[in-house]
Amino acid sequence: MEPHWEQLDLTPWRCPEPLIRLKLWLRGARAGQSLLILLKDPGSRQDIPAWLLRQGHQVQRLQESDAALTLRLVVQNRPS
(Lines give C-alpha, C1' and ligand atoms only; values in the text may rest on other atoms or scores of the structure.)
Protein backbone atom coordinates (compact mmCIF):
# COMPACT_ATOMS: atom_id res chain seq x y z
CA MET A 1 0.00 0.00 0.00
CA GLU A 2 1.44 3.39 -1.01
CA PRO A 3 1.53 6.14 1.62
CA HIS A 4 -0.95 9.00 1.26
CA TRP A 5 0.84 12.31 0.95
CA GLU A 6 -0.81 15.64 1.40
CA GLN A 7 -0.64 17.74 -1.78
CA LEU A 8 0.00 21.47 -2.08
CA ASP A 9 -0.94 22.70 -5.56
CA LEU A 10 0.92 25.97 -6.12
CA THR A 11 0.44 25.96 -9.91
CA PRO A 12 -2.06 28.87 -10.05
CA TRP A 13 0.39 31.38 -8.52
CA ARG A 14 3.52 33.22 -9.59
CA CYS A 15 6.53 34.11 -7.44
CA PRO A 16 6.54 35.02 -4.56
CA GLU A 17 3.07 33.61 -3.73
CA PRO A 18 4.07 29.89 -3.92
CA LEU A 19 6.88 30.39 -1.39
CA ILE A 20 4.61 32.36 0.93
CA ARG A 21 1.96 29.62 0.84
CA LEU A 22 4.60 26.92 1.41
CA LYS A 23 5.99 28.81 4.42
CA LEU A 24 2.46 29.02 5.85
CA TRP A 25 2.02 25.26 5.38
CA LEU A 26 5.37 24.58 7.09
CA ARG A 27 4.27 26.52 10.20
CA GLY A 28 1.95 23.64 11.08
CA ALA A 29 4.17 20.82 9.82
CA ARG A 30 5.73 18.09 11.95
CA ALA A 31 9.12 16.44 11.48
CA GLY A 32 8.69 13.43 9.19
CA GLN A 33 5.57 14.81 7.53
CA SER A 34 5.48 14.39 3.72
CA LEU A 35 4.05 16.73 1.12
CA LEU A 36 3.75 16.70 -2.67
CA ILE A 37 4.37 20.18 -4.07
CA LEU A 38 3.16 21.10 -7.57
CA LEU A 39 4.79 24.12 -9.24
CA LYS A 40 4.52 25.82 -12.65
CA ASP A 41 6.06 29.28 -12.16
CA PRO A 42 9.65 29.17 -13.53
CA GLY A 43 11.09 31.24 -10.67
CA SER A 44 9.39 29.12 -8.03
CA ARG A 45 10.50 25.88 -9.69
CA GLN A 46 14.07 27.05 -9.26
CA ASP A 47 13.84 28.84 -5.90
CA ILE A 48 11.64 26.57 -3.80
CA PRO A 49 13.74 23.37 -3.97
CA ALA A 50 16.89 25.37 -3.16
CA TRP A 51 15.18 27.17 -0.26
CA LEU A 52 13.84 23.90 1.19
CA LEU A 53 17.31 22.33 1.07
CA ARG A 54 18.82 25.39 2.79
CA GLN A 55 16.20 24.97 5.52
CA GLY A 56 17.39 21.39 6.10
CA HIS A 57 14.44 19.52 4.56
CA GLN A 58 14.60 16.43 2.36
CA VAL A 59 13.50 17.21 -1.22
CA GLN A 60 13.07 14.83 -4.14
CA ARG A 61 12.17 15.82 -7.71
CA LEU A 62 9.47 13.36 -8.79
CA GLN A 63 8.44 14.80 -12.16
CA GLU A 64 10.00 17.63 -14.11
CA SER A 65 9.22 19.12 -17.51
CA ASP A 66 9.62 22.50 -19.19
CA ALA A 67 6.23 23.53 -17.80
CA ALA A 68 5.92 21.93 -14.35
CA LEU A 69 7.72 20.42 -11.38
CA THR A 70 6.48 17.97 -8.76
CA LEU A 71 8.48 17.71 -5.55
CA ARG A 72 8.26 15.39 -2.58
CA LEU A 73 9.10 17.18 0.65
CA VAL A 74 9.85 15.40 3.91
CA VAL A 75 9.99 17.86 6.80
CA GLN A 76 13.23 17.35 8.72
CA ASN A 77 12.86 19.99 11.37
CA ARG A 78 10.38 22.48 12.69
CA PRO A 79 10.99 25.88 11.04
CA SER A 80 11.59 28.71 13.47
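- Legend: residues meeting side chain to side chain contact (heavy atoms under 4.5 Å, CB included) with Leu53, ordered by chain and number and at least two apart, are Val59.
- Taking all atoms of both residues into account, the shortest heavy-atom contact from Leu39 to Pro18 is CD2-CB, 4.2 Å.
- Legend: residues meeting side chain to side chain donor-acceptor pair (under 3.5 Å) with Arg21, ordered by chain and number and at least two apart, are Glu17.
- How far CD1 of Ile37 is from OG1 of Thr70: 10.0 Å, rounded to the nearest 0.5 Å.
- Residues that satisfy the side chain to side chain donor-acceptor pair (under 3.5 Å) test with Thr11, not counting sequence neighbours, are Asp9.
- From Leu38, atom CG reaches atom OG of Ser44 across 12.5 Å, with rounding to the nearest 0.5 Å.
- At a threshold of 4.5 Å between non-hydrogen side-chain atoms, the residues Trp51 and Leu19 count as touching.
- Distance check, rounded to the nearest 0.5 Å: CG of Leu24 to CD1 of Ile20 gives 8.0 Å.
- Of the possible donor and acceptor atoms, none in the side chain of His57 sits under 3.5 Å from a partner among the backbone N and O of Val75.
- Scanning for side chain to side chain contact (heavy atoms under 4.5 Å, CB included) contacts around Glu64 gives Arg61, Leu69, with sequence neighbours left out.
- Heavy atoms only, all atoms of each residue included: Asp41 and Trp13 are closest at CB-O, 3.7 Å.
- Take Arg72 and apply the side chain to side chain donor-acceptor pair (under 3.5 Å) test, not counting sequence neighbours, and it matches no residue.
- In this structure, the side chain of Arg45 engages the main chain of Lys40 through a donor-acceptor pair within 3.5 Å.
- Under a hydrophobic clustering in which Ile, Leu, Val, Met, Phe, Trp and Tyr are joined whenever their side-chain heavy atoms come within less than 4.5 Å, directly or via other members, Leu10 and Val74 fall into different clusters.
- Residues passing the side chain to side chain donor-acceptor pair (under 3.5 Å) test with Asp47, sequence neighbours excluded: none.
- The structure places CD of Gln60 at 5.0 Å from CG of Leu62, a figure rounded to the nearest 0.5 Å.
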